[in-house]
Q: 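Here it is: the structure, laid out below.
Both counts, for ligands and for their atoms, begin at 1 and track the order of listing. Keep in mind the model is a prediction, meaning the values are calculated, not measured. These numbers come from the heavy atoms of this one structure, side chains and all, not from hydrogens, waters or symmetry mates.
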Amino acid sequence: MRNVIGQAVSGSDFFERPQVISKIRRAIRNGSSIYLSAPRRVGKTSAMNFLQDNPETGQHYVYVITQSIDSVDGFYKELAKQVIDSPAFRTMSKVTDTLKKVASGLLQRINLKVSVPFLDVSLDKGEPINFQTDLEKLLEELDLDGGKLIIMVDEFTETLDNIFLKHGKQEARRFLQLFRELMHNRKLANKVQFLLTGSIGLQPLVKKLDASDLVNQLQYVDIPPLTEEEACTLFRKLIELEGIQIDDETVRFILQKIDWLMPFHVQLLVQEVIDVYESNGNPIDRQKAEKAFQQVFHQRNKIYFEQYYERLKKRLEPGAEYLFVHDVLNRATEEIPLEKSVVHDLAVKHGIADNYKATVESLEYDGYLHQTDDNKAYRFNSSILKIWWKKYVS
Ligand SMILES: Nc1ncnc2c1ncn2[C@@H]1O[C@H](COP(=O)(O)OP(=O)(O)OP(=O)(O)O)[C@@H](O)[C@H]1O
Ligand SMILES: [Mg+2]
């Protein structure tokens, strides 16, 4: 297994997480659309790649990434493009005239250079209406022989946020409203399903848009951290070809230091263990393991952490909200948990006492903070993120 740091993985680079995959598959069988809910860098795209490469009988996946899209029409245009370009669509055997008409019209408007055997672009295309209506019509006409088209929309929440930032709250609400209608279209009930995800929290965002009711039909599926066992197995697989000697106790010792066992953080650690091994040789004992952990925070890895920070910064309103978050996270790097009352005081200090809760919630969603067991305070989720924040941001 290669140590692919930063990019989503597929094939033999994917560390199988059977529980996560069966949880998603079970939700798919339940029938309604799904929101895969997990912070940045947890492995959402990788999980989608795996599903697409390993469909269950009768399932056809289409992957669409909409990160940079900032308009309703642009969103449906991209969806239409990927549906038409999908193997499931191109190999359909039963094709109605209506479908031919709609698909030919769409094909000409989306600049897609593919050949679809049953499409004759010289057909009378009818009047194009808009991408949303045309895509809906196209999906209604699909016949997959009882099979199901699962449209995975990666970075759906970013698109919603982009539309909100560019066109305002009304338009963002209209986007959600239209999408809800599509998901609820009865003609699509047994043949089209959506699997959405995003690296920013959907809940805090819809709260801001007063639109929680528009997403309440989604099934939420989360991606938990690896268990200690899984993390140890992943660690071993990643060093397999390196000839590194390290005993189980040391592996556990070093993994405990990570705290939040996400594959990405294990990968960063493995990279540094290999580096220490290359300059200091075998065996990797506690002292060398500690050195590897410290190296994770080396300048050269800054780029990986900046991805978290950029995302956070982009979403915060400059001024009060930005300063508030910095204060909160700075305080959270201290040894003692950050009391909720202190968070409230900080919100008062920055003049946002009325609406700071959604901001704190998105810090929880983003994987920065979690609540302590008594629900009275917050702690950093990940010691890696905490040390990085302390060293480079605070
Ligand atoms: N099951 C896995 N097996 C191997 N590596 C994984 C797995 N899940 C996640 N990773 C690693 O974690 C990192 C992030 O993965 P991925 O891009 O899939 O996450 P994401 O949640 O889609 O991130 P983002 O929020 O930035 O889009 C990558 O370096 C990837 O290699
Ligand atoms: Mg992703």
Q: Mind checking whether the Mg ion (ligand 2) has an N, O or S of Thr45 under 2.8 Å?
A: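 Checking the Mg ion (ligand 2) against Thr45, an N, O or S atom does fall under 2.8 Å.
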Q: Considering only non-hydrogen protein atoms, determine which one is nearest to atom 25 (O) of ligand 1 and report residue, atom name and distance to 0.1 Å.
A: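 Here the closest protein heavy atom is Ser199 OG, 2.4 Å.
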Q: Between Trp260 and His370, does the ring centroid distance fall short of 6.0 Å?
A: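 No: the rings miss the under 6.0 Å criterion.
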Q: Between the side chains of Tyr61 and Gln59, is a donor N or O closer than 3.5 angstrom to an acceptor N or O?
A: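 Side chains of Tyr61 and Gln59: pair found under 3.5 Å.
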Q: What are the atoms of ligand 1, with element, lying closer than 4.0 Å to any heavy atom of Phe264?
A: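 Listed by number with element, the hits are 12 (O), 13 (C), 29 (O).
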Q: Assess the side chains of Gln217 and Arg180: does a donor N or O sit below 3.5 Å from an acceptor N or O?
A: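 Their side chains do contain a donor-acceptor pair, which is all the 3.5 Å distance test asks for.
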Q: Between Gln203 and Tyr220, is there a side-chain donor-acceptor contact under 3.5 Å, judged purely by atom types and distance?
A: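 Result is yes, a qualifying pair exists.
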Q: Any idea which protein heavy atom is nearest atom 30 (C) of ligand 1, and the distance to it?
A: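 Heavy-atom neighbour on the protein nearest atom 30 (C) of ligand 1: Gln7 O, 3.3 Å.
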Q: Ignoring hydrogens and geometry beyond distance, is a side-chain donor-acceptor pair present between Gln295 and Asp275 at under 3.5 Å?
A: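 Short answer, yes.
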Q: Quick one: do the Gln271 and Gln267 side chains pair a donor with an acceptor below 3.5 Å?
A: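 No - no donor-acceptor pair under 3.5 Å links their side chains.
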Q: Checking a contact table here: which protein heavy atom is nearest atom 4 (C) of ligand 1, and how many Å away?
A: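 Looking only at protein heavy atoms, the one closest to atom 4 (C) of ligand 1 is Asp13 O, 3.4 Å.
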Q: Give yes or no for whether the N/O distance cutoff of 3.5 Å, strictly under, is met between Ile5 and ligand 1.
A: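 Ile5 vs ligand 1: no N/O contact under 3.5 Å.
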Q: Can you name the atoms of ligand 1, numbered from 1 with element, that are less than 4.0 Å from a heavy atom of Ala8?
A: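 Close to Ala8: 17 (O), 18 (O).
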Q: Could you tell me whether Glu339 and Lys376 have a side-chain N and a carboxylate O separated by less than 4.0 Å?
A: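 Salt bridge flag = no for Lys376 with Glu339.
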Q: Please list the nearest protein heavy atom to atom 26 (O) of ligand 1 with its residue and the distance rounded to 0.1 Å.
A: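 Of the protein heavy atoms, Arg40 NH2, 2.4 Å lies nearest.
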Q: Could you name the option among Ser46, Gly198, Pro263, Gly367 that has the heavy atom nearest to atom 15 (O) of ligand 1?
A: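 Nearest option to atom 15 (O) of ligand 1, by heavy atoms: Ser46.
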Q: If you have a sec, work out which protein heavy atom is nearest atom 20 (P) of ligand 1 and how many Å separate them, to one decimal?
A: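 Protein heavy atom with the smallest distance to atom 20 (P) of ligand 1: Lys44 N, 3.4 Å.
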Q: Ion pair present between Arg311 and Glu155, side-chain N to carboxylate O less than 4.0 angstrom?
A: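 A salt bridge is present here (some side-chain N lies under 4.0 Å from a carboxylate O).
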Q: Would Asp73 and Ser71 count as having a side-chain donor-acceptor pair, cut-off 3.5 Å?
A: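 No donor-acceptor contact under 3.5 Å links the two side chains.
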Q: Identify the closest protein heavy atom to atom 1 (N) of ligand 1: which residue and atom is it, and at what distance?
A: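 Ranked first by proximity to atom 1 (N) of ligand 1 is Phe15 O, 2.9 Å.
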Q: Is there a polar contact, in the sense of an N or O pair closer than 3.5 Å, between Val9 and ligand 1?
A: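 For ligand 1, there is no N or O atom that lies under 3.5 Å from one belonging to Val9.
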Q: Just distances here: any N/O of Phe14 and N/O of ligand 1 closer than 3.5 Å?
A: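 There is no such contact.
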Q: Measure the distance from atom 23 (O) of ligand 1 to every protein heavy atom, then report the residue, atom name and distance (to 0.1 Å) of the closest one.
A: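 Of the protein heavy atoms, Arg41 N, 3.1 Å lies nearest.
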Q: Angle between ring planes, Tyr368 versus Tyr308, binned at 30° and 60°: parallel, tilted or perpendicular?
A: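 Perpendicular, since the angle between the ring planes exceeds 60°.
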Q: Identify the closest protein heavy atom to atom 5 (N) of ligand 1: which residue and atom is it, and at what distance?
A: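 Checked against all protein heavy atoms, atom 5 (N) of ligand 1 sits closest to Gln267 NE2, 3.3 Å.
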